[in-house]
Amino acid sequence: MHLSLRLCFVFIAFAFLANTNGQTSSTGGKAPESAMPFSAPGVAESPDYIPPPGVSGFGGGPGGAESQEDTTPPGEPEFSRPEYGEGVPDSARVESTPEPVVFVPESPVYIIYLGATKHDDPKLVTQSHLEILKSVLGSEEAAKNSMIYNYQYGFSGFAAKLKPDEAQKLKNHPEVITFVINRKLVMQTTRTWDYLGLFSTPSSGKGLLQGSNMGSGAVIGVIDSGIWSEAGVFDDNGYGPTPKQWKGQCVSGDQFKAEDCNKKLIGAKYYMDGLNADLATSINSSIEHISPRDHNGHGTQVSSTVAGSILSNLKFPGLSSGLTMRGAAPMAHIAMYKACWDFQGGMCSVADVWKAFDEAIHDGVDVLSVSIGGLAKVKSLDVEVDIAIPALHAVNKGITVVSPAGNGGPRASTVINVSPWILTVAATTLDRSLSAFVTLGNNQTFMGQSLYTGPELDFTDVIFSDDHSSVATVKGKVVMYYEGGSPLPGADILQRNGAVGVIYVRSPSNRFECPATFPCIYIDFDIGSDIYFYMETTSSPKIKISPYKAVIGESVASCVGKSSSRGPSLFSPAILKPDIAAPGLTLLTPKIPTDGDTSEFAYSGTSMATPVIAGIVALLKISHPTWSPAAIKSAIVTTARITDPHGGPLTADGDTPKMANTFDYGGGLVDMEKATDPGLVYDMDMNDYVHYLCSAALYTDKRVSALTGNVTTKCPSSSSSILDINVPSITIPDLKGTVTVTRTVTNVGPVDSVYKPVIEAPVGFIVNVSPEKLEFNKGTSKAAFTVSVSSGSYKVNTAFFFGRLTWSDGLRNVTIPVSVRTRFIDNFF
């Protein structure tokens, strides 16, 4: 295996800036004295949790689990792993995990979307909802008893418990635009800023971070699993007053008081009525904090990544002492909206998430970091509206919504959160690996991935086992397993049965399930073959495992993580997704006292790349307060790089690692300094979004009028093409002959500017741009251009090919991806 790809496979830690200068502990703040001990399995404890139908669980996989690349064949039982922490009844056998019981309520929760609010007074909006529900249920009392939530601030709608016949009647009500079941969603689960800063040194000596005063004044809303307010990264020293426009509040509850907020954490609310209404037994304080307090750590890590305060002189095992930790926008304010709960591996309901959006819009957030999403298995309108509808209303109010691409990679077309108004994020590694050394009895030494913090395990007997169902022979030994076939025994099971260490041989992955206190190491098949050969040719093979150390620099290749979901979108393949990539694989972040995971690197995946981009968005919003969410998105996408900061190409991790392409990383890896001066932006407004809804979601004139609150808003003519929506990319999924698309750019750079096109055509295709240059002056700030793409010599259906179009003024390069696929025979596989 090529060295760069092998090191890409090596474990990469991510999250905060790391500089060397002193020493102290990484723990920030104390837990309340009565804080509940860890009890229920959290997101990190269930990376491969497969939810029941209608449930997606916290983060990723083919739709959900954080940093998951599940190799379990369909129908195979998934046996107990470190995350479950339960004893093994038979010490010699590995027991399978029981299937979760699916509860179907008699009156499920449904979400009824009615469009824009028709009244400024929320009370009048609520009353109108009751009247609609009363018309179906027969009385106002029945309507009130059925009602779960009113969405009366950012948009109009409600969530209610309904029997099937009632649901059918309400679905046909003339005022109802969208009617969906209350699906369950998932959370898509230090050197980052040094790493991203390697791209460029600000010419002014004052980069985006300093130029925006580190995000001071911005309010970043986080919809997640709650927050641990006592952590040092949420300290408010040096903060000014709460922004005047802020209308939010801190809500008291279990282990959380309103006084736990400060000038950093200025809002904290929680929502669980939608989830509880669909459960056989409601979530209670025996398994969760019924408050904004975080129970599994996911929300705390997201919050600290997006806007954690600066902490200095930290020390982490395996890394140099004197680290500095911070979030993307360390002086920004945080508002936590807890809508995800530490239940059955992590769960968020659409009804609760919509209410979080509704109140966040009302409270006055500037950016929303929403590290959740559903599945991307089929072209489903229900899946598309999970967060897209409330996100559209947020964007229309000027609030940028940043969400993950999902953790369903490396399979194609697994990307989620695909609406063009959402900024969708893929996850990459850093130029840092946490590597441990394995030394054989013949003094051969190999490097693998590990979180093991020590002490060193001296030379010990090592055995190979191809029996994944038995641990009868592991006592006192290091055991080596090959991935494939049945699930592998977890480190906790091996440790309880007397093993002193384990080596897992597998394909490249960024998923880790081993505790930091047990000698556990992951190696690739090349190294595994060498170790196996040694074991087969040695009468008494021995092995030594050392604690991990950090390897940093250009010798460690950056790659798009295996778990990061790939495009094209199943729902709307003409809209490129993901939009952008950012570091997100395996975090170095604060821990919460109730977190049962002993590692400092608990969550990884696109849900942790999301707050990196959300924080950068906050900095850009402070620097450019008049830019729309679409302009900010364009600035980020068009200035991205397709190399790592050291100039090396980005690869894409998978069963067979490859060079990364547009469907892996969108525009590329974010370059936060260049994004502040993009030159041109591809701006969009509600007209573009209506065009998308009419083309991709089959919205009618009536529905878009209700959505916008404007009776004159209509769908564009039938001759309008979804290819002409002004996104910062061109994706043509069904080219037959020649297609011409139109884009419009807005000058946000020097007033008098001239840009010329540079075309990198997809292989075999012919691309022409008109006009040959774009001129801007005091009277001209916008310019339209057309791009004609021809199939060239192709006469058959092809796969996607990739190119780029750049407008350059000699200093600024405004680049968009171009992706093209021919389809001469329709509906042909």
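In this chain, residues are counted from 1 in sequence order. Fair warning: this is a prediction, and the values are worked out from it, not measured in the lab.
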**Q.** Stepwise side chain to side chain contact (heavy atoms under 4.5 Å, CB included) test for Asp664 and Lys658
**A.** CA-CA 11 Å; Asp664 300 316; Lys658 65 179 182 67; 2.7 Å; yes
Q. Any side-chain heavy-atom pair from Asp579 and Lys577 closer than 4.5 angstrom?
A. yes
**Q.** Phe459 side, atom CZ; Ile545 side, atom CD1 - distance, nearest 0.5 Å
**A.** 11.0 Å
Q: Determine the minimum heavy-atom distance between Arg566 and Gly409, stating which atoms define it.
A: NH1-CA, 4.3 Å
Q) Are the side chain of Ser225 and the backbone of Gly299 linked by a donor-acceptor contact shorter than 3.5 Å? A) yes
Q: Kindly say whether Gly448 contributes a backbone atom to a donor-acceptor pair with the side chain of Asp524 at under 3.5 angstrom?
A: no
Q | Check: Ala581 main-chain N/O paired with Thr428 side-chain donor or acceptor under 3.5 Å | A | no
Q. Pro489 and side chain to side chain contact (heavy atoms under 4.5 Å, CB included): which partner among Val471, Val502, Val474?
A. Val471
Q) Could you give the distance from CD1 (Ile642) to CZ (Phe802), rounded to the nearest 0.5 Å? A) 12.0 Å
(Q) Within the 4.5 Å heavy-atom criterion, are Leu457 and Lys544 side-chain neighbours or not? (A) no
Q. For Tyr481, which residues count as a ring-ring contact (aromatic ring centres under 6.0 Å, His included) partner, sequence neighbours excluded?
A. His468
**Q.** Test item: side-chain donor near acceptor, Asp467 and Ser469, under 3.5 Å
**A.** yes
Q | Between CZ on residue Phe518 and OG on residue Ser450, distance to nearest 0.5 Å | A | 10.5 Å
Q: Only counting residues at least two apart or in another chain, list the ones meeting side-chain contact (heavy atoms from CB on, under 4.5 Å) with Asn442.
A: Leu440, Gln444, Tyr534
Q. Are any non-hydrogen side-chain atoms of Ser529 and Tyr482 less than 4.5 angstrom apart?
A. yes
Q) Below 4.0 angstrom, N of the basic side chain to O of the carboxylate: do Lys542 and Asp461 qualify? A) yes
(Q) Please find the pair of heavy atoms, one from Leu669 and one from Thr643, that lie closest to each other, and give the distance. (A) CD2-O, 4.1 Å
(Q) For the backbone of Trp228 and the side chain of Thr300, can you confirm whether one donor and one acceptor N or O come within less than 3.5 Å of each other? (A) yes
**Q.** Minimum-distance pair of heavy atoms, taken over all atoms of Thr610 and Ser369
**A.** CG2-OG, 3.7 Å
Q.
With heavy-atom distances below 4.5 Å as the criterion, would you say the side chains of Asp653 and Pro410 are in contact?
A. no
**Q.** Gap separating the CD1 atom of Ile503 from the CD1 atom of Ile531, nearest 0.5 angstrom
**A.** 5.0 Å
**Q.** Closest contact, heavy atoms only, Ser371 versus Asp224
**A.** CB-OD2, 3.9 Å
Q: Give the minimum heavy-atom separation between Thr305 and Val612, together with the two atoms involved.
A: CG2-CG2, 3.9 Å
Q.
Tell me the closest heavy-atom pair linking Ala660 and Val560, and the distance in Å.
A. CB-CG2, 4.2 Å
**Q.** salt bridge (Lys or Arg N to Asp or Glu O under 4.0 Å) involving Asp530 - partner list, sequence neighbours excluded
**A.** none
Q | Interatomic distance, Asn407 atom CG to Ile416 atom CD1 [nearest 0.5 angstrom] | A | 8.0 Å
Q. Are the side chain of Ser565 and the backbone of Gly408 linked by a donor-acceptor contact shorter than 3.5 Å?
A. yes
Q) Atom CZ in Phe533, atom CD in Glu536: separation rounded to 0.5 Å? A) 9.5 Å
